Amino acid sequence: MSIKVSFTVTKGPEAGKSFSYDSNESLILGREEDCGIVFHDPGVSRYHCLIDIAPPSVVVRDFGSLNGTFLNGQKIGQRNKDDKPTEAQKNRGTVFPLNSGDRLGLGQETEIRLEVKLPQYCADCFAEIENSENVNPEGLPICADCHEKRVKQEQTSAAEPKGGGKPKGKAGKKSPRRPAKPKAPKDGEVTPAPDGDQARQAAEEAARQEAEDKARQAAEEAARQAAEEAARKEAEEAARKAQAEKLGAKRHCEICGKTMSGDDSIDICDECRDNPLKVLMYMLEKARRGAEAGDIQAIAGYRNVKMLGQGGMGQVWLVEEEETGQLMALKLMLPQRAEDESSRENFLREAFLGWQLNHKNIVRYQKCGQSNGAYFILMEYCEGGSVDKLIAENGGRLSVDKATNIILQALEGLEFAHQAEVVAKSEQGVNIKVKGVVHRDFKPGNLFLDGTGKNAVVKVADFGLAKAYELSGLSGHTRTGQTAGSPVFMPRQQIINYKYSKPDVDVWAAAASYYHMLTGEYPKKFVPGKDILSAALTGDAVPIRQRGVDIPAKLAKVIDQALVEKPKIGVQSASELRRMILDVI
């Protein structure tokens, strides 16, 4: 059983409803029907607040709601009645942690209660159990198997002979007590007939013997159970001591030599793990020596050249294959929290999807893996750099010709990815065929140029990595604090339902990137110091010709249409947007 986060509506029109989550999730709460949890309370804002779940961590932040958000009765966010939603700023963006049992009030009537349910373990065998009704003599929960063993042991003990006496009768039952044989009378002695007192005394004696037998059996059973319990506790204590000795065993960091304890699958200390350069050099050297089999051998024979850049998921380094001189890019990701086996599998499963995309307008993944909790992807190197770097070098804007050439090539890459048939591994470990991979973080910073000048080939990078990194839990959060993807290039549909985004969110992001190349501005108005997610959620794109750029009216109409979000995204496919641009130029 994984950690379960549940919300129960305790007050308001939706009182009694419950919502449960066992993985990373971002929820918009509000009146609009596309919110993650919808409340039909007029006191709740259309988009009231955001709840981020990364079990067991849960945080909330208000979106500048009109009637406020309250944590256990204390106000944690609200805008002034005279302010427009985009003007509220005092408490917006402030994150508040939630604990199990906390009450969250929305508006004037609605209230929800949070419960975080942790896994439960059997007190006898320590296996994970769920909602066990069985307990041991100490009142601690035990699994069904251990309960059954205890019942069988008790039944067996009750059937065994006690005190080393003679065997019992058939089927383990006691032989019936025989009446005492009467003594033969002496010569001349007359044997009196038994009277009522003698019969009563005989019955009392029989009852006394039976009571003594039961007491002796109960004492023997209690002694047996006490011995078993003592043995179990002794075994538990021995296991705990062995684990403590294992965790406390002195080991030394292979980078700095510092004494460390803890997970013996990690060879470097936490301080060194937080230094990407140290980790990279360590991994390359370890691969060169062949000191570790498996994933790390993918980068054997490479040497570090320089860092190319860094972003929300890690750093990108230029590496060179020593034998051939071929240059490659190595993306190194350092998790912000200790990851588990499930996180590793989720990340590598998503990265594997991107690896299967073989197209001239998509950066190729060569190899990927992990070592000591650091994840790496070896990929194609594009010497022309990123498009956001090109924008900066050209004064913040690109000409219509340059921007159009770039976006048309990028849309070819998107079209291929959205239609590609790839093999995915399910959570049960079964390989299945799926159609299409969604990028989820399309922006100029993820567009690279292979070559320079007019003949440069545009390549889309990092397919699937935003989803892989965030939803695997490797970052320790979903979107609060540091947003998955880039809100300035995200449509509202992606903000509301990031986990299940469809190809059309990439199409909107492509139009937003084209807009940015031409204008140097983002499609929506983002005011410094204001809540970015809220502005992206509630704002509309500014028509491109209002940005003071001279572009053909027909092209402007295409871009404005592609940036429509209500009731749905204006252009649904990459091939459609590409055709519309070609038609007007």
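What you see is a predicted model, and the numbers here were worked out from it, not measured in a lab. Only heavy atoms go into these numbers, but all of them, side chains included; no hydrogens, no water, no symmetry mates.
Within a 6.0 Å sphere centred on NZ of K152, other residues, nucleotides and ligands contribute 12 heavy atoms or fewer. No more than 12 heavy-atom neighbours from other residues, nucleotides or ligands sit within 6.0 angstrom of CD on E271.
Among all heavy-atom pairs drawn from K524 and M490, the shortest one is NZ-O, 4.4 Å. Closest non-hydrogen pair, K11 versus E109, comes out as CB-O, 3.3 Å. The minimum heavy-atom distance between V507 and A574, with the atom names listed, is CG2-N, 3.4 Å. Scanning all heavy atoms of the two residues, the minimum distance from I495 to A536 falls at CD1-CB, 3.3 Å. Across every non-hydrogen atom of L66 and S45, the tightest pair is N-OG, 3.2 Å. Considering every non-hydrogen atom in both L577 and A562, the closest pair reads CD1-CB, 3.9 Å.
V9 is not listed as a side-chain neighbour of I37, based on a closest heavy-atom distance of 4.5 Å or more. A 4.5 Å side-chain heavy-atom check between F63 and I28 finds at least one atom pair inside the cut-off. Contact check for L29 versus F39: side-chain heavy atoms found under the 4.5 Å cut-off. Side chains of E32 and V38 form no contact here, defined as non-hydrogen atoms less than 4.5 Å apart. Side-chain contact check for D52 versus V58: every heavy-atom pair is 4.5 Å or farther apart. The closest side-chain heavy-atom distance from L27 to Y21 is below 4.5 Å. Between N99 and L114 there is no side-chain heavy-atom pair separated by less than 4.5 Å. Side-chain contact between I53 and F7 is present, with heavy atoms from C-beta onward closer than 4.5 Å.
The NE2 atom of H516 lies 7.5 Å from the CG atom of D388; values are rounded to the nearest 0.5 Å. Residue E14 holds its CD atom at 4.5 Å from NZ of K17, rounded to the nearest 0.5 Å. Atom CZ of residue F442 and atom CG of residue L414 lie 5.0 Å apart, to the nearest 0.5 angstrom. Rounding to the nearest 0.5 Å places CG of L378 at 5.5 Å from CG of L330. Distance check, rounded to the nearest 0.5 Å: CG of L447 to OG of S513 gives 6.0 Å. The CD atom of Q366 sits 11.5 Å away from atom CD1 of I377, with the distance rounded to the nearest 0.5 Å.
Counting only N and O atoms by type, the side chains of E111 and T10 include a donor and acceptor under 3.5 Å apart. For D506 and H418, the side-chain atoms include at least one donor-acceptor pair closer than 3.5 Å. Using modelled atom types, one finds a donor on one side chain and an acceptor on the other under 3.5 Å when comparing H48 with T69. Under the 3.5 Å distance criterion, with hydrogens and angles disregarded, no donor-acceptor pair is assigned to the side chains of N67 and S65.
One N or O on the side chain of Q493 and one on the backbone of E565 form a donor-acceptor pair closer than 3.5 Å. Remark: side-chain polar atoms of E115 are not paired, donor with acceptor, to backbone N or O of V5 under 3.5 angstrom. Judged by distance alone, the side chain of R113 and the main-chain N or O of T8 form no donor-acceptor pair under 3.5 Å. No donor-acceptor distance shorter than 3.5 angstrom exists from the side chain of Q78 to the backbone of K75, with no hydrogens or angles considered. Using modelled atom types, one side-chain atom of S100 and one backbone atom of V116 make a donor-acceptor pair closer than 3.5 Å. At least one donor-acceptor pair under 3.5 Å links the side chain of N275 to the backbone N or O of K278. Side-chain atoms of Q356 come within 3.5 Å of backbone atoms of V423 as a donor-acceptor pair (strictly under, hydrogens ignored). In this structure a side-chain-to-backbone donor-acceptor pair under 3.5 Å is missing from N446 to K443. The main-chain N or O of R103 is found under 3.5 Å from a side-chain atom of N72 such that the two form a donor-acceptor pair. Although no hydrogens or angles enter the test, the distance criterion places no donor-acceptor pair under 3.5 Å between the side chain of D22 and the main chain of K4.
One finds a salt bridge joining D462 and K331 here, because a Lys/Arg side-chain nitrogen approaches an Asp/Glu carboxylate oxygen to under 4.0 Å.
Shown are Y515, Y514, Y522, W508; of these, the ring-ring contact (aromatic ring centres under 6.0 Å, His included) with F489 is made only by Y522.
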Just do the side chain to side chain contact (heavy atoms under 4.5 Å, CB included) check on F96 and D62 with the steps written out, would you?
CA-CA 9 Å; F96 294 86; D62 182 77; over 6 Å; no
Under the side chain to side chain contact (heavy atoms under 4.5 Å, CB included) rule, what do V422 and V437 come out as? Steps first, then yes or no, please.
CA-CA 8 Å; V422 296; V437 179; 4.0 Å; yes
Would I569 and V564 count as a side chain to side chain contact (heavy atoms under 4.5 Å, CB included) if you check the C-alpha gap in whole Å, the side-chain angles of each, and the deciding distance to 0.1 Å?
CA-CA 5 Å; I569 291 175; V564 168; over 6 Å; no
Set out, in order, the CA-CA distance, both residues' side-chain angles and the distance that settles side chain to side chain contact (heavy atoms under 4.5 Å, CB included) for K568 and D504, then state yes or no.
CA-CA 9 Å; K568 64 179 182 178; D504 59 355; 5.9 Å; no
